[in-house]
Amino acid sequence: MNIYDNDSNELSPLRTMPKTIDAVHFNRVRLALRRISNPLQIPLPKHRGLLMLLDNKEWLCVDSFHADRLILAWRSFDTSHRQGIHEPISCKLSFYHMHAGLIMGSAIEHLSQTLAQQLEEVRPHSIKEGKTSSIA
């Protein structure tokens with residue numbers, strides 16, 4: 001079995017399906033990409049050896065213990081139909097490992113929790129202390 005697409009030399013997923021991401025998770029990743037770094041690499045401590053590699057176009061879950069082997073990929077985020085930031089986002093989820101479905105939900109949950117902690121650390125002190133600035 002050839003795991004690479006013939007044209008682009010990219011891995012062929014075992015399966016791809018439509019998926020919806022909760023707005024809170026999607027928005028947290030987008031905020032982290034703006035405030036922390038873009039691209040961004042986030043370890044998932046609750047999933048030993050897994051890393052999330054994030055940018056504006058795709059979120060990749062890789063196994064760092066096996067030469068960054070691709071496990072899951074969230075791509076083709078569709079924000080065009082969203083009327084507000086509280087609405088979920090449609091995307092395509094590709095599976096590259098036979099057991100990837102077992103972690104797809106918890107990987108996003110743990111990513112979101114980790115990013116929430118990191119975003120709290122980079123918040124400006126004036127916001128942390130409850131100070132606001134007035135614009136005159």
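Heavy-atom neighbours of I85 CD1 from other residues, nucleotides or ligands within 6.0 Å: at or below the threshold of 12.
At least one donor-acceptor pair closer than 3.5 Å links the side chain of S64 to the backbone N or O of G49. Checked by atom type and distance alone, the side chain of N38 never pairs as donor or acceptor with a backbone atom of R34 at under 3.5 Å.
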Exercise for the section: Quick one: do K46 and E109 satisfy side-chain contact (heavy atoms from CB on, under 4.5 Å)? Show the steps, please. Expected result: CA-CA 10 Å; K46 294 181 182 178; E109 289 286 333; over 6 Å; no
Exercise for the section: Check step by step if side-chain contact (heavy atoms from CB on, under 4.5 Å) holds for F77 and R82. Expected result: CA-CA 11 Å; F77 301 105; R82 196 160 81 148; over 6 Å; no
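Using a cutoff of 4.0 Å between basic side-chain nitrogens and carboxylate oxygens, E58 and R75 are scored as salt-bridged.
Side chains of E87 and H81: no donor on one and acceptor on the other come within 3.5 Å.
In terms of heavy atoms, W74 sits closest to C61 at CZ3-CB, 4.1 Å. Annotation for S80 and D78: closest pair OG-OD1, 2.6 Å, computed over non-hydrogen atoms. The minimum heavy-atom distance linking L40 with A32 is given by the pair CD2-CB, 3.8 Å. Scanning both residues, M98 and L14, for their nearest heavy atoms gives N-CD1, 3.6 Å. For the pair A100 and F95, the tightest heavy-atom approach, listed with the atom from each and the gap, is CB-CD2, 3.6 Å.
With contacts defined as side-chain heavy-atom distances shorter than 4.5 Å, the pair T16/L93 does not qualify. Side-chain contact check for I21 versus C91: some heavy-atom pair is nearer than 4.5 Å. At least one side-chain heavy atom of L111 sits under 4.5 Å from a side-chain heavy atom of L44.
Atom CG of D22 is separated from atom CD1 of I89 by 10.5 Å, given to the nearest 0.5 angstrom. Note that NE2 of H25 is 8.5 Å distant from CD of Q113, once rounded to the nearest 0.5 Å. Atom OG1 of residue T114 and atom CG of residue L119 lie 11.0 Å apart, to the nearest 0.5 angstrom. The CD atom of Q117 sits 10.5 Å away from atom CD1 of I42, with the distance rounded to the nearest 0.5 Å. Note that the CZ atom of F26 and the OG atom of S112 stand 12.5 Å from one another [nearest 0.5 Å]. Atoms CZ and CG, on R28 and L115 in that order, are 7.5 Å from each other to the nearest 0.5 Å.
By the ring-ring contact (aromatic ring centres under 6.0 Å, His included) test, H110 pairs with H47, sequence neighbours left out. Scanning for ring-ring contact (aromatic ring centres under 6.0 Å, His included) contacts around H99 gives H97, with sequence neighbours left out.
No continuous path of ILVMFWY side-chain contacts below 4.5 Å connects L31 to V24, so the two sit in separate hydrophobic clusters.
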Between side-chain atoms of residues 65-73 and protein atoms elsewhere (two or more places apart, or another chain), which donor-acceptor pairs fall under 3.5 Å?
residue	atom	partner	partner atom	Å
H66	ND1	D63	OD2	2.8

